[in-house]
Amino acid sequence: MDNKLKHLEFIQQTITRMSSNSFLLKGWTVTIIVAIFAFANTKELNSQFLWIALIPAIFFWFLDSLFLREEKLYRKLYDEVRAKEENVIDFSMDTSNYIKVVPKLYKICFSKTVGIFYIPIITGITVTIFLLNF
């Protein structure tokens, strides 16, 4: 039982790291975008600088989705190891068996967890840019 618990702990630590990375990305997204808006000068909003805000927003959206997908893969591995017998524990962290089971990256991008955060931000930046140009 000791090997099984250790293996489950390794997997859980990886899942926790992925979750922490996702949380940090959301914080960095807000920080960077607010800094870019502040740099664009509030009195004379220059929309040229605001286009730059789309770059980190889209990049972090993709990266956050990637972390969420990896987290889902490790959750599947956790479930498999949980059901294994003690004598077949091999401490493998290979998640390739679950790639077809876990949703594709583009589906995760538009999931409730990730999409509900990044889509309004990207929409807000885009609307602001268009309003300043007209």
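Position 1 is the first residue of the sequence; numbering continues from there.
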Inset, instruction - Treating Ile, Leu, Val, Met, Phe, Trp and Tyr as nodes and any side-chain heavy-atom pair under 4.5 angstrom as an edge, say whether Phe60 and Leu105 lie in one connected cluster. - result: yes

Inset, instruction - Check whether any side-chain heavy atom of Pro56 sits under 4.5 Å from a side-chain heavy atom of Ile36, and report yes or no. - result: yes

Inset, instruction - Answer yes or no: is there a side-chain heavy-atom contact under 4.5 Å between Thr95 and Lys76? - result: no

Legend entry - Point-to-point distance, once rounded to the nearest 0.5 Å, from CG of Leu73 to CG of Asn97: 10.5 Å

Legend entry - Single-linkage hydrophobic cluster Leu25~Ile55, side-chain heavy atoms < 4.5 angstrom: no

Inset, instruction - Answer yes or no: is there a side-chain heavy-atom contact under 4.5 Å between Trp51 and Leu54? - result: yes

Legend entry - Lys107 backbone acceptor or donor facing Ser111 side chain under 3.5 Å: no

Legend entry - Met93 and His7, any side-chain heavy atoms less than 4.5 Å apart: yes

Legend entry - Approximate separation, where rounding is to 0.5 Å, of Ile52 CD1 and Ile33 CD1: 12.5 Å

Legend entry - Closest non-hydrogen atom pair, Pro120 against Gly115: CD-O, 3.6 Å

Considering only distance and modelled atom types, tabulate donor-acceptor pairs under 3.5 Å from the side chains of residues 83-91, sequence neighbours left out.
{"residue": "Glu86", "atom": "OE1", "partner": "Met1", "partner atom": "N", "Å": "2.8"}
{"residue": "Glu86", "atom": "OE1", "partner": "Lys4", "partner atom": "N", "Å": "3.3"}
{"residue": "Glu86", "atom": "OE2", "partner": "Met1", "partner atom": "N", "Å": "3.1"}
{"residue": "Glu86", "atom": "OE2", "partner": "Asn3", "partner atom": "N", "Å": "3.1"}
{"residue": "Asp90", "atom": "OD1", "partner": "Ser92", "partner atom": "N", "Å": "3.2"}

Inset, instruction - Search all heavy atoms of Val114 against all heavy atoms of Ser65 and return the closest pair with its distance. - result: CG1-OG, 3.4 Å

Inset, instruction - Rounded to the nearest 0.5 Å, what's the gap from CE on Met18 to CG on Leu66? Could you check? - result: 8.0 Å

Inset, instruction - Taking ring pair (Phe, Tyr, Trp, His ring centres under 6.0 Å) as the test, write out the residues that go with Phe110, two or more places apart. - result: Trp61

Legend entry - Within 6.0 angstrom of Phe62 CZ, more than 12 heavy atoms from elsewhere: no

Inset, instruction - Enter the distance from Gln13:CD to Ser20:OG here, rounded to the nearest 0.5 Å. - result: 11.5 Å

Legend entry - Minimal non-hydrogen separation, Ala57 against Ile122, with atom names: CB-CG1, 3.9 Å

Inset, instruction - Starting from the C-alpha separation in whole Å, work towards a yes-or-no answer on side-chain contact (heavy atoms from CB on, under 4.5 Å) for Tyr118 and Lys26. - result: CA-CA 9 Å; Tyr118 290 97; Lys26 286 176 175 72; 3.7 Å; yes

Inset, instruction - Might you work through the side-chain contact (heavy atoms from CB on, under 4.5 Å) test for Val30 and Phe117, ending with a clear yes or no? - result: CA-CA 10 Å; Val30 171; Phe117 181 79; 3.7 Å; yes

Inset, instruction - Any chance you could measure Lys6, atom NZ, to Leu8, atom CG, to the nearest 0.5 Å? - result: 11.5 Å

Legend entry - Cluster link Ile119 to Ile108, ILVMFWY, side chain under 4.5 Å: yes

Legend entry - Residue pair Ile99 / Arg69, side-chain heavy-atom distance below 4.5 Å: yes

Inset, instruction - Considering only NZ, NE, NH1 and NH2 on the basic side and carboxylate oxygens on the acidic side, decide whether Asp79 and Arg82 come within less than 4.0 Å. - result: yes

Inset, instruction - May I ask whether Leu68 and Phe59 are part of the same hydrophobic cluster, defined by side-chain heavy atoms of I, L, V, M, F, W, Y residues being less than 4.5 angstrom apart, directly or through others? - result: yes

Inset, instruction - Compare every heavy atom of Ser22 with every heavy atom of Phe67, then report the nearest pair and how far apart it is. - result: CD1-N, 4.5 Å

Inset, instruction - Find the distance between CG (Leu131) and CG (Leu50) and round it off to the nearest 0.5 Å. - result: 11.0 Å

